[in-house]
Amino acid sequence: MTARGSSNGVRPPLRIVLLAADDEFAGEMQRLLYERHSEWIVGSVISSCVIYKKSNLGAAFFTLRRSGLLFLLQMVHIKMLRRSFNKNKPLLPSQLARKHGVEQFVSADINDQQSVAKLRSWNPDLIISTNFSHYIGKTVRESVGRYACWNLHKSLLPQYRGMAPSFHALLSGATEVGVTLHVVAKAFDAGDLVAQAEVPVTETDTVYSLNWKTSVSGGQLLCSFLENYDPESTKATPQPVGDWRNYTYPTSGEVKAFLKKGLRFS
């Protein structure tokens, strides 16, 4: 796509639309960008579903069937602990948007006609997914953003593509994970690499702490990268070729193995 120019050679402000689940991980990925360059953010899409195209009840039943009661209880436990004892009061994407006067749009399917029309109305240069729960189809990927559609993923791609990267990294004994900004492609987390940062794993890390650390690192990476972004010279790099596994929600067997190793969710 052609970059916009200006008469004095200074790049016009970016126009960015953020896509997110309304949770603290997405909020931390977005927070620094809002603090430094809220004028760049022209729209915020909030997912209305925990799992794409599933109601909250449907998502609970899906998780129960796929991952078992232990996993579902752990997820509920984490949410209860966060609400009761988290002194930092992390911000959600919806709160950040309200605070900075950014228009919000709640979407059950980012690919439906109404959602695509709203995205186009914002005339974005970049669409950036941060802990978003929808599959992003071809129209949104390729023909809405002037420059690109990117995703911020909580792993060092191509390792731990897909769902629950922090869980699977801990289960496999990884000593280092990371965060990756990449082009959104047809296959999950398989698009070309734009930027990456490494995050060490410690012996005391839990699923929650690792999700938090990678979200913080991701927010720093995203803001720093955008501050130096030149759409005409930035080139994404293809991911290494190989038999890379695509991860999904853990099975009940994997959850039992995780707990048997003494690993913790929170």
Side-chain angles (χ1 to χ4, degrees), residues 12-56 59 75-76 78-134 136 140 144-154 179 181 184 208 211-227 229:
L14 289 169
R15 296 180 60 83
I16 298 172
V17 170
L18 297 172
L19 316 178
D22 205 27
D23 63 28
E24 69 269 42
F25 302 130
E28 191 57 30
M29 288 175 166
Q30 297 181 5
R31 179 183 58 80
L32 196 59
L33 185 61
Y34 269 106
E35 289 177 358
R36 293 185 182 176
H37 304 287
S38 61
E39 73 279 7
W40 291 354
I41 305 169
V42 296
S44 174
V45 175
I46 306 295
S47 171
S48 64
C49 51
V50 178
I51 298 177
Y52 185 43
K53 292 189 176 181
K54 293 186 183 295
S55 66
N56 288 339
M75 296 300 100
V76 173
I78 288 174
K79 288 183 180 294
M80 292 176 64
L81 285 176
R82 291 202 308 261
R83 291 173 181 173
S84 301
F85 299 108
N86 196 326
K87 297 179 181 180
N88 295 325
K89 300 297 181 184
L91 290 171
L92 308 181
S94 60
Q95 294 170 324
L96 287 165
R98 283 196 298 271
K99 180 180 179 181
H100 293 277
V102 172
E103 184 181 4
Q104 296 183 69
F105 178 78
V106 178
S107 174
D109 182 357
I110 195 62
N111 305 297
D112 67 25
Q113 187 175 4
Q114 185 180 14
S115 298
V116 172
K118 174 54 71 174
L119 290 174
R120 291 193 189 280
S121 75
W122 285 322
N123 190 29
D125 295 319
L126 296 167
I127 298 173
I128 303 175
S129 165
T130 57
N131 219 46
F132 195 49
S133 57
H134 298 196
I136 300 174
V140 177
V144 177
R146 183 186 300 269
Y147 300 143
C149 179
W150 295 335
N151 177 54
L152 196 57
H153 182 69
K154 299 193 293 291
V179 63
L181 183 66
V184 177
Y208 181 82
N211 274 328
W212 181 256
K213 285 163 61 174
T214 50
S215 296
V216 170
S217 180
Q220 295 168 346
L221 174 73
L222 178 63
C223 190
S224 175
F225 181 83
L226 288 171
E227 287 175 339
Y229 173 59

Are side-chain heavy atoms of Leu119 and Val17 found at a separation under 4.5 Å?
yes
Ser224: partners by side-chain contact (heavy atoms from CB on, under 4.5 Å), with sequence neighbours left out
Asn228
For Phe225 and Trp150, I'd like to know if the aromatic rings sit close, meaning centre-to-centre distance below 6.0 Å.
yes
Does any non-hydrogen side-chain atom of Leu19 lie less than 4.5 Å from one of Ile127?
yes
4.5 Å side-chain heavy-atom contact, Lys154 and Asn211
yes
For Ser129, which residues count as a side-chain hydrogen bond (donor to acceptor under 3.5 Å, both in side chains) partner, sequence neighbours excluded?
Asn151
Can you list everything that forms a side-chain hydrogen bond (donor to acceptor under 3.5 Å, both in side chains) with Thr214? Sequence neighbours excluded, please.
none
For the residue pair Tyr208 and Glu24, establish whether any side-chain heavy-atom pair is separated by less than 4.5 Å.
yes
Would you mind listing every salt bridge (charged side-chain N to carboxylate O under 4.0 Å, His left out) that reaches into residues 25-43, with sequence neighbours excluded?
Glu28-Arg31, Arg31-Glu35, Arg36-Glu227
Within the 4.5 Å heavy-atom criterion, are Leu18 and Tyr34 side-chain neighbours or not?
yes
Under the side-chain contact (heavy atoms from CB on, under 4.5 Å) rule, collect the residues that match up with Ser115, sequence neighbours excluded.
Phe105, Ser107, Ile110, Asp112
Starting from the C-alpha separation in whole Å, work towards a yes-or-no answer on side chain to side chain donor-acceptor pair (under 3.5 Å) for Gln30 and Thr130.
CA-CA 8 Å; Gln30 297 181 5; Thr130 57; 2.9 Å; yes
Among pairs that include at least one residue of residues 90-108, which meet salt bridge (charged side-chain N to carboxylate O under 4.0 Å, His left out), considering only residues two or more places apart or in two chains?
Glu103-Lys118
